[in-house]
There are 2 protein chains.
Amino acid sequence: MKIGVIGGGQLGRMLALAGTPLGMNFAFLDPAPDACAAALGEHLRADYGDQDHLRQLADEVDLVTFEFESVPAETVAFLSQFVPVYPSAEALRIARDRLFEKSMFRDLGIPTPAFADVLSQADLDAAVARIGLPAVLKTRTLGYDGKGQKVLRQLEDVTGAFAELGSVPLLLEGFVPFTGEVSLVTVRGRDGEVACYPLVHNTHESGILRLSVASSNHPLQALAEDYARRVLEQLDYVGVLAFEFFEVEGGLKANEIAPRVHNSGHWTIEGAECSQFENHLRAVAGLPLGSTAKVGESAMVNFIGSVPPVAAVTALEDCHLHHYGKAFKAGRKVGHATLRSADAATLQTRIAALEALIQD
Amino acid sequence: MKIGVIGGGQLGRMLALAGTPLGMNFAFLDPAPDACAAALGEHLRADYGDQDHLRQLADEVDLVTFEFESVPAETVAFLSQFVPVYPSAEALRIARDRLFEKSMFRDLGIPTPAFADVLSQADLDAAVARIGLPAVLKTRTLGYDGKGQKVLRQLEDVTGAFAELGSVPLLLEGFVPFTGEVSLVTVRGRDGEVACYPLVHNTHESGILRLSVASSNHPLQALAEDYARRVLEQLDYVGVLAFEFFEVEGGLKANEIAPRVHNSGHWTIEGAECSQFENHLRAVAGLPLGSTAKVGESAMVNFIGSVPPVAAVTALEDCHLHHYGKAFKAGRKVGHATLRSADAATLQTRIAALEALIQD
């Protein structure tokens, strides 16, 4: 089976590493000449709107999937004429737009921060009057890793903020006094089978995920899965879907969804019986889902900007390096490492040893 | 770091799957147009004696390694002029010839079956008179998966056997009434660091490995490691070296060594903290070795001739498919699956379920 992937970054690369042992081949559509997934499959170097190359991809592959959600709607619609596309155009339409996403949460009875659609500075002023400060102003589309966001703490931050974020459609979100950030990586098969990984505790720095620690028997696991299932059913979703939640007063508020394999699920390569990458491929290919059970205690540390010397990372006990083969650049995710231990105390020691290698 | 691999079969493919996350790139030299490792790196399609392509490979890569031991000595010698080659020409010279191999065992005080060099039918007759029957007559080089062998049970089997095996240099080995076959996968770094995986129980059918089950606290583990260290030191070996032993009367007799990653070590991808493939690459690249500790209980089942339907294999609990992407052909290893369980009893149940899928 040949899988077409829109995007050829590290997520595509890890999909290919997981899918090759299933007998799958890969083709990546990505305009970047140095797309790091290209080492593991065919590289169609073209813009995401290039219909000639999209048609070529559709002709070559059995199905198409995505490694990022901001794929143009036209691309998805065009491909869908010729080849099965998972997740669906409708799922991508919702997930790529923060307004649609949060409206869906509200409609499904899933708690989410207060929010308001902002199409002008006047809208923003009205929204701030209603929701209050502090609040977070975000672009409705194309935001990631903290980009396209501004925290509004006082009224002077509000002045001119609409223009500052590019005078594009925005969403104002009420600030949530959360005690933690957790994510739930879920997968749904073509037959509706659903599986969920254990909740993951995430730590961000400057808006970028730094550390993910898989939980054991998290008291909010069942609640998170209940919310997730509502969304998966609503979207008739196929593939991996990741949910980011704020932990608040013993409950959860949904922050956002990502319709793809997710950075907070990278630990599953070593830390779960079947990884998020293999499970995404199983789902889109119509295969039975694999077990999401943990194998030991795991944590993942992102390498941002640069990867520490390989000899130093591999010298750490039970440390699994994932070098993305990308050029180093400040603020760019260029690798990660997963630590796996028999118990949580050992894991903490190893996280500290790994973090000591990171200097950026 | 770019690694050159002589051979582009499933072992090369699994080396690339293990090395890509370490930031390595791969080039495979293999004359076969459909070399299954080619999906994961550059494919130099040329004969193993093609000096132009060998030179090209040497110029492109940081070091060269092998996925099979019957590489021509001239190839190794030629490459060694331009680029580091691991394991060394001397290690390959010994390992590819059963006479040299068994002589080394004897010289190092490692028990091995009685053996005799056979260069003619007269040699064979004399060897049979000395060693007795039953015995096994094998080609000194190029044998694998039971090929190039003949079991001699009675005197009439001896008549004409030299010609029957091609009138090439042979080795006669005394039959060993073994109670089991075990293998030890070891790895030695460029700095002399040695690590050994747990002993593996192997079951062969028609000379081809069918099932490998990793042991726990095997009473002969220390003895096997002692024997292995003698060989590793003697050869100043770098990389993975696999040992096959016969279990006899509570001891071990060395059958053969393989100077490469080994089929009986495939379970380590999921079943050990660091796989034999990653450890081979760590060793040849001069990186610290990874842990050879087991992760749960594991067994590997080979798929010979064909791979069962992917949907059936992936439906089995905690079953990890490795499809080599090769054309199906009787007697050919085309894939394997690793089963991983928390306990040995569950593992046995899962082996039975997997074996029920195999119809060949």
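Computed from a prediction, not measured in an experiment: that's the story for all the values here. Chain identifiers are assigned alphabetically (A, B, ...) following the order of the sequence lines, protein sequences preceding nucleic acid strands; residue numbering begins at 1 within each chain.
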Point to revise | Heavy-atom side-chain proximity of E270(A) to V295(B) below 4.5 angstrom | key: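 Side chain of E270(A) against side chain of V295(B), heavy atoms only: no contact under 4.5 Å found.
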For chain A, which candidate among [options] shows the most heavy-atom pairs at distances under 4.5 Å?
options	answer
P21(B), A293(B), G23(B)	P21(B)
G290(B), S291(B), A315(B)	A315(B)
E42(B), E317(B), H320(B)	H320(B)

**Study point:** chain B interface, residue from L289(A), T20(A), T314(A) that has the most non-hydrogen pairs under 4.5 Å
**Key:**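 Most pairs with chain B among the choices: T314(A).
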Review point. Among N25(A), L40(A), L316(A), which residue forms the greatest number of heavy-atom pairs with chain B at distances under 4.5 Å?
Key: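 Max contact count across the listed options: L40(A).
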If you compare all heavy atoms of [X] against all heavy atoms of [Y], which two are closest, and at what distance to 0.1 Å?
X	Y	result
E273(B)	D318(A)	CG-OD1, 3.0 Å
V310(A)	L22(B)	CG2-O, 4.1 Å
A311(A)	P288(B)	O-CG, 3.6 Å

[X] versus chain A, heavy atoms under 4.5 Å apart: side chain, backbone, both or neither?
X	result
A272(B)	backbone
R340(B)	both
C319(B)	backbone

Review point. At what distance, to the nearest 0.5 angstrom, does CG of L321(A) lie from CG of L287(B)?
Key: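 If we round to the nearest 0.5 Å, L321(A):CG and L287(B):CG are 9.5 Å apart.
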Review point. Has N217(B) got more than 12 heavy atoms of other residues, nucleotides or ligands less than 6.0 Å from its CG?
Key: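 Atom CG in N217(B) is not crowded, with 12 or fewer foreign heavy atoms closer than 6.0 Å.
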